[in-house]
Structures are given as C-alpha cells and as structure tokens.
Amino acid sequence: MKPLTPINQRRLANFKANKRGYWSFWLFLALFLISLFAELVANDKPLLVNYDGGLYVPVLISYPETTFGGDFETEAEYSDPEVIELIEEKGWVVWPLIPYSFGTIVYNLPSPAPSPPTLQNWLGTDDQGRDVVARLLYGFRISVLFGMILTIFSSIIGVAAGAWQGYSGGLVDLLFQRFIEIWSGLPTLLLLIILASLFVPSFWLLLGIMLLFSWLALVGVVRAEFLRGRNFTYVMAAQALGVSKRKIMFKHVLPNAMVATVTFMPFILSGAITSLTSLDFLGFGLPPGSASLGELLNQGKANLQAPWLGISTFVVLSVMLSLLIFIGEAVRDALDPRKTFRN
C-alpha cells in the first residue's frame with residue numbers, strides 16, 4: 001500500500017481536525033452498515049433453525065413447511081405458532097433482534113393499529129399494523145442507496161457535461177449555457193410528480209426520472225474549473241505538443257475540478273434523499289408497500305393521534321441529513337488549499 005502524499009496527508013489531517021464532521025462520518029458509516037444487513041437485524045424469518053439434528057438458515061434459504069414436519073409444500077410461515085411449535089418439538093430457533101420485516105403485519109396488538117410503542121414493538125406500529133422500527137431501518141437503507149446511486153450517476157453526467165462545455169468554450173459554451181438556463185428553470189418537483197404519475201413507479205424508473213434534473217448540480221462548478229484550467233501554461237504546452245484533447249481534459253484539467261466536485265457530493269446526496277422523501281410523502285415515489293420514510297411521514301400526518309409515527313421518522317431524517325451536512329463541511333475543509341492543519 002502506497003503511503004499518502006504530503007497533500008493528502010494534509011487533507012486527512014484537516015478532515016480529522018473537524019471533529020464534528022469526522023465523528024459524523026463514522027456514525028453515518030456505522031448506521032449505513034447496520035442498514036445494509038437489515039435482514040439480519042429485522043426479519044420475520046429466523047436466523048438459524050435446528051431441527052431434528054439439522055441446521056437451517058431460513059433468512060437466506062427458503063424451506064417448505066414439510067421440512068419441519070408440516071403439511072404444505074409452500075414456504076414455511078415462521079410467524080405461524082403451529083410451525084414454531086413443530087420446530088421446537090425437535091429443535092430450537094434463533095430470531096433476529098427485531099422479529100419483523102418492513103412488510104410484516106403484526107397480529108395480537110394491544111390496541112387497533114396504529115398501536116403505541118410496547119416492549120414487542122419499540123416504536124409502535126403504523127396504520128397497517130407493521131413494525132415502525134423495521135420500516136425505519138429498511139427505509140434508511142433504501143433512501144441512502146437511492147441517494148448514493150443518484151449522486152454517482154448525476155456526478156458522472158454533470159462532470160462530463162461541464163468539462164466538455166468549459167474546455168470547448170465559444171459557441172458550444174454559449175449554446176449549452178442557454179440550454180441549462182432553460183432546463184434549470186423548469187419546475188422540477190412538479191415535473192417529477194407528473195412523470196411519476198404517468199408510469200408505474202419503481203426504484204430504477206424513479207431514479208431515471210430524477211436523474212433528468214439532478215445532473216445540473218455540478219455543471220457550473222466543473223465548467224468554471226475547465227474555463228480557468230484551459231488557459232494554464234502546462235495545458236497550452238500540452239496542446240502545442242500535440243496531446244489529444246481527451247487526454248488533456250481528463251488527465252491534466254479534470255483533477256483540479258474534482259476537488260470542487262467531491263466537496264459538493266455530500267450535499268447532492270442529502271438533496272437526493274430529501275427529493276425521494278418528498279415524492280414518497282406526496283404518494284408519487286416508491287411502489288406502495290415499500291419501506292419508505294416519506295410514506296411514514298404521510299402516515300404521521302394522517303394519524304395525529306399516533307405521534308410516534310411522525311416524530312420517529314422526523315428524528316431519523318434529521319439525524320441522517322445532519323450527519324451528511326457535517327461530513328460535507330469536513331470534506332470542504334479537507335480539500336480547501338487555504339486551510340492548514342489545526343489541532
């Protein structure tokens with residue numbers, strides 16, 4: 001493993017010096033890793049089953065009920081007390097910490113759904129009898145993954161468009177700027193709602209629709225860096241030596257533009273998560289039944305007598321977005337050439 005260069009050592013030191021951003025990074029990473037393995041934390045299928053001397057992993061593999069002495073060839077319903085009784089006659093069951101998935105209907109509630117928090121359901125249930133903690137965990141994962149994928153693709157398109165526009169200059173820059181002014185002036189949220197209502201919603205379709213507008217975030221920054229960089233002496237020397245335009249753009253000028261790009265990415269990620277939550281709240285986001293933070297917020301609005309729905313989702317969103325903003329500030333400090341290490 002190569003040692004860090006002096007400039008990267010300075011950047012890492014500045015990142016660590018921003019204590020709020022540094023610890024926010026580790027906290028966000030821990031929460032994200034937990035959510036990535038949500039099936040092992042919150043699931044209505046056991047992690048491990050020992051039956052008649054054999055070991056089974058229902059959380060990973062589907063087993064028919066007949067495997068455990070039942071009558072049906074279909075997959076075992078582990079929430080059924082009779083199935084659990086059959087298993088425990090000849091073995092034992094290891095359940096996840098939260099024995100519910102995001103779509104599991106909880107029966108035998110102490111009160112009609114949405115039911116208040118209990119020892120069985122730590123943050124209560126929603127208006128369809130589903131565990132709120134499980135839905136928050138899965139909703140956190142899908143929101144972050146959606147935001148990350150959207151941020152990566154929009155950054156690739158935005159950097160490529162800004163690089164081409166800034167390095168070409170002249171008529172290309174003029175026409176592209178007019179196009180961006182028109183495109184960015186469109187009512188984005190309204191168009192997203194219209195497009196989302198015209199098609200059957202899905203994760204990838206919604207991602208594609210939002211990508212139509214999110215790529216604009218980095219174009220201006222990258223364009224400015226390329227307009228400045230193309231006039232540097234080493235760039236003009238490379239042009240005089242006959243170096244190809246593509247090589248000059250991506251090897252000599254792009255590294256300078258990437259500093260500003262990386263600085264903006266945490267803020268683009270938080271904006272993508274907010275947009276997804278807004279669409280879900282309005283009912284134009286992910287398919288019905290998906291683990292959605294926006295849908296939980298909508299339930300909280302519709303069920304004011306169940307404050308745990310709105311409050312718990314608000315806390316999750318607030319913590320998530322605050323951590324991303326703090327990380328973004330730390331990254332900005334780390335990449336700022338004017339900042340030196342500070343204890």
Side-chain angles (χ1 to χ4, degrees), residues 31-146 200-204 280 285-293 295-296 299 306 308-309 312-313 316:
L31 293 173
F32 181 55
L33 289 176
I34 292 173
S35 70
L36 279 181
F37 299 96
E39 285 79 6
L40 302 179
V41 180
N43 208 323
D44 55 4
K45 297 178 181 179
L47 298 176
L48 190 65
V49 171
N50 180 291
Y51 179 78
D52 199 16
L55 287 177
Y56 303 90
V57 191
V59 72
L60 299 177
I61 303 173
S62 298
Y63 301 102
E65 188 178 307
T66 52
T67 304
F68 308 111
D71 300 323
F72 302 102
E73 294 289 344
T74 55
E75 184 179 359
E77 184 64 45
Y78 300 98
S79 59
D80 187 347
E82 293 184 2
V83 173
I84 298 301
E85 185 177 346
L86 286 172
I87 296 173
E88 291 181 342
E89 284 179 359
K90 297 183 179 180
W92 41 263
V93 180
V94 177
W95 286 96
L97 181 64
I98 303 168
Y100 309 106
S101 185
F102 66 90
T104 305
I105 305 298
V106 183
Y107 299 100
N108 301 320
L109 293 173
S111 61
S115 63
T118 62
L119 292 177
Q120 181 183 7
N121 306 107
W122 302 339
L123 292 177
T125 64
D126 64 5
D127 58 8
Q128 298 183 39
R130 299 169 298 192
D131 186 73
V132 172
V133 176
R135 291 188 65 78
L136 288 174
L137 181 61
Y138 282 87
F140 180 93
R141 179 175 68 179
I142 199 170
S143 296
V144 175
L145 287 176
F146 184 93
V200 178
S202 68
F203 181 92
W204 295 107
D280 286 337
L286 296 171
S290 302
S292 165
L293 298 179
E295 190 258 349
L296 270 176
Q299 286 198 33
W308 55 88
L309 293 174
S312 58
T313 311
V316 169

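Since this is a predicted model, take the numbers as computed values, not measurements. Residues: numbered from 1 along the sequence shown.
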Rounded to the nearest 0.5 Å, how far apart are CZ of Arg135 and OG1 of Thr104? 10.0 Å

Counting only N and O atoms by type, is there a donor-acceptor contact under 3.5 Å from the side chain of Glu75 to the main-chain atoms of Glu65? no

Within the 4.5 Å heavy-atom criterion, are Val144 and Phe32 side-chain neighbours or not? yes

Does the side chain of Ser35 reach to within under 4.5 Å of the side chain of Phe140, using non-hydrogen atoms? yes

Of all heavy-atom pairs linking Ala42 and Leu137, the shortest is CB-CD2, 4.1 Å

To the nearest 0.5 Å, what is the distance between CZ (Phe146) and CG (Leu286)? 7.0 Å

Can you give me the closest heavy-atom contact between Pro46 and Tyr78, atom names plus distance? CD-CG, 3.4 Å

Looking only at non-hydrogen atoms, find the nearest pair between Asn50 and Ile87 and report the distance. O-CG2, 4.3 Å

If only atom types and distance count, is the side chain of Asn121 paired as donor or acceptor with the main-chain N or O of Pro116 below 3.5 Å? no

Residues Glu39, Arg141: salt bridge by 4.0 Å N-O rule: yes

Just do the side-chain contact (heavy atoms from CB on, under 4.5 Å) check on Asp71 and Thr66 with the steps written out, would you? CA-CA 6 Å; Asp71 300 323; Thr66 52; over 6 Å; no

The side chain to side chain contact (heavy atoms under 4.5 Å, CB included) partner of Tyr100 among Asp44, Val106, Val132, Asn43 is Val106

Measuring only between side-chain heavy atoms, which start at C-beta, is Asp131 closer than 4.5 Å to Phe102? no

Using a 6.0 Å cut-off, check whether atom CD of Glu89 has over 12 heavy atoms from anything other than its own residue. yes

Specify whether Tyr51 and Tyr56 have parallel, tilted or perpendicular ring planes, treating 30° as the upper limit for parallel and 60° as the lower limit for perpendicular. tilted

Main-chain N/O of Tyr63 paired with Thr67 side-chain donor or acceptor, under 3.5 Å: no

Only one of Val133, Ile105, Leu109 clears side chain to side chain contact (heavy atoms under 4.5 Å, CB included) with Thr125; which? Leu109

Is the shortest heavy-atom distance from the side chain of Phe68 to the side chain of Asp52 under 4.5 Å? no

Where the side chain of Ser115 meets the backbone of Ser111, is there a donor-acceptor pair that is under 3.5 Å apart? no

Compare every heavy atom of Asp126 with every heavy atom of Gln299, then report the nearest pair and how far apart it is. OE1-CB, 2.8 Å

Closest heavy-atom contact between Leu309 and Pro114? CD1-CB, 4.2 Å

Between Glu295 and Arg130, does any NZ, NE, NH1 or NH2 come within less than 4.0 Å of an OD or OE carboxylate oxygen? yes

Quick one: does Ser290's side chain have a donor or acceptor within less than 3.5 Å of a partner on Ser292's backbone? no

Just by distance, with hydrogens left out, do Ser79 and Glu77 show a side-chain donor and acceptor under 3.5 Å apart? yes

When rounded to the nearest 0.5 angstrom, what distance separates CH2 in Trp95 from CG in Leu47? 9.5 Å

